[in-house]
Q: 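One structure follows; several queries about it will come next.
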Amino acid sequence: MARGPASRLLYLYSCKNRNLFVVISNGLRHLHPYFFPSPQLPRQSRFRSADLAPSEAFRYFSNFRKHSLCTLSENEEAKPMSDSRPSLQLEAKLSQVDCEQMISDPNNEGSETREKDLSFCHVVNRDPAEIYRELKDTMDGEKQSRSDWDTVTEIFRCFSKSSWASNQALGIYIGASVFPTAAHKFCKFFLRRLKTDLVKYLVSLGPGIESDKFLFPLFVEFCADEFQDEIKIFRKMVESADMTKPDSWFPFARAMKRKIVYHCGPTNSGKTYNALQRFMEATKGVYCSPLRLLAMEVFDKVNALGVYCSLITGQEKKEFPFSNHVACTVEMVSTDELFDVAVIDEIQMMADPCRGYAWTRALLGLKADEIHLCGDPSVLNVVRTICSGTGDELIEQHYERFKPLVVEAKTLVGDLKNVRSGDCIVAFSRREIFEVKLAIEKHTKHRCCIIYGALPPETRRQQAALFNNQENEFDVLVASDAVGMGLNLNIRRIVFYNLLKYNGDKMIPVSASQVKQIAGRAGRRGSHYPEGLTTTLQLEDLDYLIECLKKPFDDVKKVGLFPFFEQVELFAAQLPDMKFSRLLEKFVENCRLDGSYFLCQHLHINKIANMLEKIQGLSLEDRFNFCFAPVNIRDPKAMYHLLKFASSYAQNVPVNVAMGIPKCSARNDSELLDLETRHQVLSMYLWLSNHFEEERFPYVKKAETMAIDIVKLLGESLINACWKPESRNAGKSKQRDEEDVYERPTSIIKLRQK
Ligand SMILES: Nc1ncnc2c1ncn2[C@@H]1O[C@H](COP(=O)(O)OP(=O)(O)OP(=O)(O)O)[C@@H](O)[C@H]1O
Ligand SMILES: [Mg+2]
């Protein structure tokens, strides 16, 4: 192969059964290894995915160096090889070019440098393993001039701070925490045994990446000698945090020939309806819901149609006698049972930063002949990739909205008096929801129902039923984004009170996909208003609304994963003395993922793990399970109850609810907040009773009765609510501060208050 000026000298071979190369290049006048991943690997797994250490690479190099050079031009693409040996084809290619000739290539270098090259030629071409052995056998270093000594020490200072070297070191299982020590010892080792030719060569390169690349193979040899134990430990740790190839976690599902049907389309296009038809026809079926609420809806609907169906959520198990069908929340679906038909609703939630792993697990692990996925097109490409990996057959069914959604251009011109019957006003904080309800009921003849995420699903359903019923005065709904999924509502028009949302840190615009999902709730087929309308309260928000509705769906590249307990347990075995909360952080630092996956956020889990750290007597599995309990981590009262539950559990005493119930409905907002918290605590108790041995939670019946009573009180409270809202954290939290800062000066509420 002819070499042009831009050609590089490369050694190629594949890593053991991996889609990776190690490329050794001396195009830069010295030899250095680096990993060259195939394009589908994620950036962060570049170095970690290599299972061939540079030291091994150099051993290959030594074996092949006499006859195994080949050249690739800059733009020639390297192709992955699956064989663990250098391919025959490659070996044939590798026989043509001579090393010396390449180094002294006149096209590559100017004549001045060429002279320098020649003086250090023997260093450049030496096997690093050989150099290292020689250094190791040296007792005393050769004397160097002051300036050379200074330059070399500076070179080593740079090497020990080099992020490139630290990254590459991960490839030989020298972790980031060991690298500084290893680099420091390597420096001491080298400086005690200085060889003039090596020093001269290093000085000619100067401090920086060129020297780092020359030194790195020597460092590899040094570490292989001096840090064997550390390498072994880190290697085991990295291997036990391996989350690549998640499809291989479900061998039974892999052995099946599954048919996946993707019902793909916007909201209100009949996706779930069609999937449920197949579910009901099946002999044995499972429906996986994103919310308890939706699981309850399907449970009621399917049973009403004469198909016996059970309900399983984190909090409740309603076994319907002789039923072969089950409606469950996606987290609760069994990957052990066999089904004819499974439905996974809102499949785009695979990309949800917190809960995405539950959808991924369901898709990869469900043992069903036919799996129906319902969702928007955002994860279609990822699902295609996953199915081609698992070998499942994928059928795509595309849907259009039954009736187009119409944007009302005139908006409510900033005045809630323009609200009409059948409107749903969407606001993104609890405080605004109550403000809007208060203003509408004070200044118009309409009465408002309320729906937001912190309300129990039963209360949300009650409020939805109240709003849907045409026979009463409750003809306006005020809701948070919780309205975007699950409920069948008679909404004529969605009015966005604003299009900003607090993200836990600051106010940010609501995402286009969320705007679409919420706006799409207007005009459901079969409702009183089959034609949907949407608009904003403020004229200035209208452009953003239109922009969001016009935007095509995102093309999601990655979906969520989270380790099972067994994986965390395996990892914990490598770090036996580490606290659980720290262990999770370590797992996250060291886990490897394939290109189509990300690790779901674990802030919630960390916070609970930290809180439970001081409780003695909990096993690793107990801690892991407690961390998934449904608790609002920003609510100190709810967190306190979780701590109490865990303490009783650890002390082996029956876990008690230890909570009373108010006698009457809430008379102000803090009493309403209190009811919400009490219900969340009961819900947590029920969840724990389903996830631990039942006999340890003997007050399930009591908790259920109390939860029903609270739902009743909440329902009454919401109907009568006519107070100014308060914050759950009484004005102390950051969120509260942010919400206080945020004002809508043109809103009817503020104007009238003035
Ligand atoms: N073929 C049909 N016959 C009768 N009703 C239908 C039919 N298809 C859909 N519907 C009704 O239309 C409404 C919307 O359908 P569906 O819930 O399946 O939409 P979707 O695409 O899943 O929407 P979303 O994304 O909001 O979940 C439902 O009330 C459903 O019962
Ligand atoms: Mg649906």
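All figures in this text were calculated on a predicted structure; none of them were measured in a lab. When a ligand or atom number is given, it counts from 1 through the structure's own listing order. Sequence positions, counted from 1, serve as the residue numbers for this chain.
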Q: Geometry only, no angles: is Lys301 polar-contacting ligand 1 at N/O separations under 3.5 Å?
A: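 There is no such contact.
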Q: What are the atoms of ligand 1, with element, lying closer than 4.0 Å to any heavy atom of Glu346?
A: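 So the answer, numbered in order with elements, is 27 (O).
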Q: Short question: side chain of Arg258, backbone of Leu366 - any donor-acceptor pair under 3.5 Å?
A: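 Side chain of Arg258 to backbone of Leu366, a donor-acceptor pair under 3.5 Å: yes, one is there.
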Q: State the atoms of ligand 1, each with its element, that fall below the 4.0 Å cut-off from a heavy-atom position in Ser269.
A: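 Close to Ser269: 19 (O), 20 (P), 21 (O).
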Q: So, Glu337 and Lys367, do they make that salt bridge, N to O below 4.0 Å?
A: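 No, no charged N to carboxylate O under 4.0 Å.
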Q: Are Asp669 and Arg430 within salt-bridge range, i.e. N to O under 4.0 Å?
A: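 Salt bridge flag = yes for Arg430 with Asp669.
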Q: Side chain of Arg254, backbone of Ser248: donor and acceptor closer than 3.5 Å?
A: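 No.
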Q: If you measure from the Lys or Arg side-chain nitrogens to the Asp or Glu carboxylate oxygens, is any gap between Glu441 and Lys437 under 4.0 Å?
A: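 Salt bridge flag = yes for Lys437 with Glu441.
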Q: Excluding waters, which protein N, O or S atoms are within less than 2.8 Å of the Mg ion (ligand 2)?
A: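 Counting only protein N, O or S atoms under 2.8 Å from the Mg ion (ligand 2), the list reads Thr272 OG1.
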Q: Using a 4.0 Å cutoff against the non-hydrogen atoms of Pro266, which atoms of ligand 1 qualify?
A: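 Near Pro266, the atoms of ligand 1 are 21 (O).
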Q: Need the ligand 1 atom indices (1-based, order shown) with element for anything under 4.0 Å from a heavy-atom of Arg521.
A: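 Listed by number with element, the hits are 26 (O).
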Q: Answer yes or no: is there an ion pair linking Glu458 with Arg292, defined by an N-O contact shorter than 4.0 Å?
A: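 So Glu458 pairs with Arg292 through a salt bridge.
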Q: Where does the angle between the aromatic ring planes of Phe496 and Phe428 fall among parallel (under 30°), tilted (30 to 60°) and perpendicular (over 60°)?
A: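 It falls in the parallel class, under 30°.
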Q: For the residue pair Phe320 and Phe299, categorise the inter-ring angle as parallel (less than 30°), tilted (30 to 60°) or perpendicular (more than 60°).
A: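 Because their plane-to-plane angle is over 60°, the rings of Phe320 and Phe299 count as perpendicular.
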Q: In this structure, is the centre-to-centre distance between the rings of Tyr308 and Phe322 below 6.0 Å?
A: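 No, the ring centres sit 6.0 Å or more apart.
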Q: For Glu716, does its backbone N or O pair with a side-chain atom of Asn720 as donor and acceptor, under 3.5 Å?
A: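 Looks like yes, one N/O pair under 3.5 Å.
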Q: Indicate, as side chain, backbone, both or neither, the part of Arg524 found under 4.0 angstrom from ligand 1 when only non-hydrogen atoms are considered.
A: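 Only the side chain of Arg524 comes within reach of ligand 1.
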Q: Please assess Asp423 against Arg492 for the test salt bridge (Lys or Arg N to Asp or Glu O under 4.0 Å), listing each intermediate value before the final yes or no.
A: CA-CA 6 Å; Asp423 277 353; Arg492 185 180 60 91; 3.2 Å; yes
Q: Could you list which atoms of ligand 1 come closer than 4.0 Å to a heavy atom of Thr272?
A: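 Near Thr272, meaning under 4.0 Å from one of its heavy atoms, ligand 1 has 18 (O), 22 (O), 27 (O).
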Q: Side chain, backbone, both or neither: which applies to Phe402 and ligand 1 if a contact is any heavy-atom pair less than 4.0 Å apart?
A: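 For Phe402, only side-chain atoms sit under 4.0 Å from ligand 1.
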Q: Does any N or O of ligand 1 fall below 3.5 Å from an N or O anywhere on Gly270, backbone included?
A: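 Among all N and O atoms of Gly270, at least one is under 3.5 Å from an N or O of ligand 1.
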Q: Does ligand 1 come near enough to Asn274 that some N or O of the ligand is less than 3.5 Å from an N or O of the residue?
A: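 No - when backbone and side-chain N and O of Asn274 are compared with those of ligand 1, no distance drops under 3.5 Å.
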